[in-house]
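Structure first, commentary second.
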Amino acid sequence: MVREALKDELNKILELYLFLHEEDIPEDDEHLRDTWDLIVNDPNHHLIVNEIDGKIVSSCVCVIIPNLSRGVRPYAFVENVVTHKDYRKRGYAGECLDFAKNIALQENCYKMMLLTGSKRPETLHFYENAGYNSNDKTAFIQWL
């Protein structure tokens with residue numbers, strides 16, 4: 001079942017993020033809790049999860065960004081697309097991306113963007129099959 005994350009699912013999401021690029025779960029401190037509260041209480045921040053048999057197996061984030069160009073239409077940014085290693089290649093992440101797309105359509109976004117650090121052909125093909133292309137824009141990143 002694809003849905004938005006619930007407030008009490010922070011630990012489940014952090015465990016899933018170990019399959020993203022995290023090496024450990026962050027310390028459960030005030031900063032972590034404050035950040036989580038900002039995320040779950042922001043109407044433009046959608047943390048989407050795919051739950052199978054009571055376990056969160058896949059997730060992505062979709063942030064709606066207000067915008068003054070393109071007819072004052074917002075755009076969506078997708079980040080942190082991840083699937084537990086035991087549940088990959090079953091369509092769960094694709095379902096999360098479809099859910100994000102529906103949010104973007106409901107919010108009248110004119111585009112959706114995502115970045116991936118992966119160079120693996122199967123990952124790039126996955127995003128292309130989900131409707132994204134790497135031809136229209138050039139991404140630049142400055143790590144801080």
Side-chain angles (χ1 to χ4, degrees), residues 1-67 69 73-144:
M1 170 178 60
V2 182
R3 58 176 173 75
E4 292 203 43
L6 304 174
K7 188 170 176 93
D8 66 349
E9 294 179 316
L10 172 60
N11 290 332
K12 291 179 181 180
I13 292 162
L14 293 176
E15 288 174 13
L16 179 63
Y17 279 7
L18 292 173
F19 297 96
L20 184 60
H21 49 66
E22 298 301 310
E23 294 180 13
D24 52 25
I25 293 175
E27 182 180 341
D28 188 352
D29 60 13
E30 185 177 353
H31 178 63
L32 176 66
R33 293 294 169 172
D34 288 347
T35 301
W36 179 241
D37 285 341
L38 285 172
I39 291 169
V40 297
N41 292 316
D42 182 347
N44 288 323
H45 199 130
H46 304 271
L47 203 158
I48 299 159
V49 298
N50 199 337
E51 179 183 7
I52 304 299
D53 297 326
K55 180 179 179 117
I56 294 176
V57 300
S58 191
S59 179
C60 74
V61 171
C62 177
V63 179
I64 306 301
I65 302 168
N67 182 39
S69 69
R73 291 176 65 194
Y75 57 93
F77 189 77
V78 175
E79 184 62 88
N80 294 340
V81 180
V82 60
T83 301
H84 186 288
K85 70 176 176 69
D86 296 338
Y87 292 84
R88 292 183 179 155
K89 299 187 187 223
R90 298 185 194 178
Y92 298 135
E95 291 174 353
C96 289
L97 290 176
D98 288 343
F99 194 94
K101 182 178 181 180
N102 286 331
I103 291 170
L105 288 168
Q106 289 170 7
E107 295 295 328
N108 196 32
C109 291
Y110 79 94
K111 71 177 177 182
M112 295 182 75
M113 297 184 298
L114 70 78
L115 299 173
T116 181
S118 177
K119 305 291 188 226
R120 293 176 28 205
E122 60 270 21
T123 301
L124 303 178
H125 186 68
F126 165 73
Y127 289 126
E128 288 169 352
N129 283 342
Y132 295 87
N133 77 73
S134 60
N135 302 320
D136 292 344
K137 298 272 185 175
T138 301
F140 290 89
I141 302 213
Q142 184 179 66
W143 297 103
L144 304 175

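Partners of Phe19 according to the ring pair (Phe, Tyr, Trp, His ring centres under 6.0 Å) rule, which considers only residues two or more places apart in sequence or in another chain, are His84. Considering only residues two or more places apart in sequence or on other chains, His46 meets the ring pair (Phe, Tyr, Trp, His ring centres under 6.0 Å) condition with none of them.
Just one residue in the list Met113, Glu107, Met112 forms a side-chain contact (heavy atoms from CB on, under 4.5 Å) with Tyr75, and that residue is Met113.
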message = As a quick check of understanding, evaluate side chain to side chain contact (heavy atoms under 4.5 Å, CB included) for Leu10 and Leu32, giving each step before the final call.
response = CA-CA 10 Å; Leu10 172 60; Leu32 176 66; 4.2 Å; yes

task: In sequence, state the C-alpha distance, the side-chain angles, and the governing distance for Glu22 and Leu14, and then conclude on side chain to side chain contact (heavy atoms under 4.5 Å, CB included).
output: CA-CA 9 Å; Glu22 298 301 310; Leu14 293 176; over 6 Å; no

- Message: Between Ile13 and Trp36, does the side chain to side chain contact (heavy atoms under 4.5 Å, CB included) criterion hold? Intermediate values first, please.
- Response: CA-CA 11 Å; Ile13 292 162; Trp36 179 241; 3.6 Å; yes

Practice item. Could you walk me through whether Asp37 and Lys7 pass side chain to side chain contact (heavy atoms under 4.5 Å, CB included), step by step? Key: CA-CA 8 Å; Asp37 285 341; Lys7 188 170 176 93; 2.6 Å; yes

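Here Lys12 does not pair with Glu51 in a salt bridge; the nearest charged N to carboxylate O distance is not below 4.0 Å.
Not one N or O on the side chain of Asn44 forms a donor-acceptor pair closer than 3.5 Å with the backbone of Val63.
Across all non-hydrogen atoms, the minimal contact from Ala76 to Cys109 is N-SG, 3.9 Å. Taking both residues in full, the closest heavy atoms of Ser59 and Val49 are given as OG-CG1, 4.0 Å, listed atom of the first, atom of the second, then distance. In terms of heavy atoms, Ile64 sits closest to Pro66 at O-CD, 3.6 Å.
Under a cut-off of 6.0 angstrom, the local environment of CD in Glu122 is crowded, with over 12 non-hydrogen atoms contributed by other residues, nucleotides or ligands.
To the nearest 0.5 angstrom, Ser58 atom OG is 8.0 Å from Leu97 atom CG. Atoms CD1 and OH, on Ile25 and Tyr17 in that order, are 12.5 Å from each other to the nearest 0.5 Å. Atom CG of Leu47 sits about 9.5 Å away from atom SG of Cys96, to the nearest 0.5 Å. Between Leu20 atom CG and Thr83 atom OG1 the span is 10.0 Å, to the nearest 0.5 Å. Here the CG-NZ distance, from Leu18 to Lys85, works out to 11.5 Å after rounding to the nearest 0.5 Å. The CE atom of Met1 lies 9.5 Å from the CD1 atom of Ile56; values are rounded to the nearest 0.5 Å.
At a threshold of 4.5 Å between non-hydrogen side-chain atoms, the residues Ile48 and Val2 count as touching. A heavy-atom distance below 4.5 Å is found between the side chains of Ile39 and Thr35. Between Glu4 and Ile103 there is a side-chain heavy-atom pair separated by less than 4.5 Å. Within the 4.5 Å cutoff, no side-chain heavy atoms of Arg73 are placed close to those of Asn67.
Sorted by first then second residue, the ring pair (Phe, Tyr, Trp, His ring centres under 6.0 Å) pairs that include residues 112-144, not counting sequence neighbours, number zero.
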